[in-house]
Amino acid sequence: MRRFFRLVPVALLLASAPAGVALALPAAQRPGTPAPAVVDAGWRQDGNGPGRAGFQPVTRDLGVAAAGRLGTVWTAPAARPEEQVGGAVVADGTLLRSSGGPTGQIRRYDAVTGADLGAVVDVPGRVFGQLATGPSGTGPGGLLVESQTFDPATGSLLERHLNAYTGRGETVWETALPDEVSGGYTVAGDLVLRAAGATLTALRLADGTTAWTAPLDGEAGLHPPVADAGLALQTFETGGTSGTGSTAGLAAFDLRTGTRVWRQDVSGPWLIAAGGIAYTTGTGGVCAHTVADGARRWCDTGTLLDPRSATTDGQTLMVFDAHGHAAGFAVGDGAVRWTRDWGIAGAEVATSYWSPVNGGGVVYDVVYHFLLRDGAPEHRVELLALDAADGTVLARHDLAFDALHGAEPLLLSGDHVYFAALEKLIAVGVR
């Protein structure tokens, strides 16, 4: 598992658009075909939006017909042996990835070719992680990075901060953060939402000051907040450990004031939101709640055993469980549209530690298998592509890892799928 987990997120507001191939440009249009209304193919934070729903409306050449030809088109290894790749985002045709080692770095790459465009930030004594960008069109801004300092003599991690830099790497501001378990943060408009321990905090994106804090009725753990329909949403667990005698709850807060609007018991701590619906998953099943008041719309308790991460395109909710299965549910009433067993025969473990993404009618996830072959253990990590309409397995692309890593983000942007793995960044495209 990632030693640094997701406790070092980065939000990025570009002061100026970097040079690079503009993934935002749509593919060639047929004569008389209107241009699409949405042309931003960026992926500006984990989950691609404040609801973390993992949907990309612009996929260019990626789709069901092309998914069978996926392959690795370029990789970007960590620049130094001590580094760990922390996260990645795509904005304005460039891919930015963070890392930590002797110095915390944010480097830029051409998102299509993988050409290394150099370091934007290089700070001695820092460890950087998860990346995000501000909303498109917000104007001048800079880089935000949640970092940790480390003791060079012992290598132990010390203070935690949220740092702001300009797009050229100059320091703008720094805010100290509590050293409690956190699942990272989410950019929602002009706020950064971050839960640590049993507290949800909203920081102002402009200067890093605290806009409001709100107590939770339990520990948020490694589950990040989401935002939808003017509310900040955060799951938490009380009593026992995750999945063992614990009870999951979901609370909603007014984004402007932090006032709690409602609280509801839910099926589990995994959470995404889109279109005024919040979806929770866990040992209690797959459930949907109205964001405005928390009312349960529907709940499926039997299709998947221990459902975990999910993604939605606004029509279908696609969910992966911890035992090699996935299912698609109609967002309106929870009707099961398809189920799929994607586990490898003979695998003792078939699960995913990553959040799936979807676009162009395809859902992607990075999955992990543990097998015993002739008495020898075998670890397999692969990019799995399923048809969002019926769950058909379209591709299984081996990512060639020999060890298990967790929590790295998966991005879908333009005509590439990017995986910010622990030791290198991998770009997958149509070959």
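- Checking His369 against Glu382 by side-chain atom types alone, a donor-acceptor pair falls below 3.5 Å.
- Counting only heavy atoms from C-beta outward, the side chains of Val291 and His289 never approach each other to under 4.5 Å.
- At a threshold of 4.0 Å, the pair Arg308-Asp321 does not count as salt-bridged, since none of the basic side-chain nitrogens sits closer than that to a carboxylate oxygen.
- Screening Thr351, Thr281, Leu384 for a side chain to side chain contact (heavy atoms under 4.5 Å, CB included) with Phe320, the sole residue that qualifies is Leu384.
- Residues in residues 266-276 take part in no salt bridge (charged side-chain N to carboxylate O under 4.0 Å, His left out) pair, two or more places apart or across chains.
- Although no hydrogens or angles enter the test, the distance criterion places no donor-acceptor pair under 3.5 Å between the side chain of Arg107 and the main chain of Ala76.
- Judged by distance alone, the side chains of Thr280 and Ser267 do bring a donor and an acceptor atom under 3.5 Å apart.
- When each of Glu83, Glu174, Glu159 is checked for a salt bridge (charged side-chain N to carboxylate O under 4.0 Å, His left out) with Arg126, only Glu174 meets the rule.
- Ring-plane geometry between Tyr353 and Tyr368 is classed as tilted, the angle between the planes lying from 30 to 60 degrees on a 0 to 90 degree scale.
- Checking Arg194 against Thr201 by side-chain atom types alone, no donor-acceptor pair falls below 3.5 Å.
- Side-chain polar atoms of Thr259 and Asp254 form no donor-acceptor pair below 3.5 angstrom.
- Under 3.5 Å, the side chains of Arg52 and Ser355 contain no donor-acceptor pair of N or O atoms.
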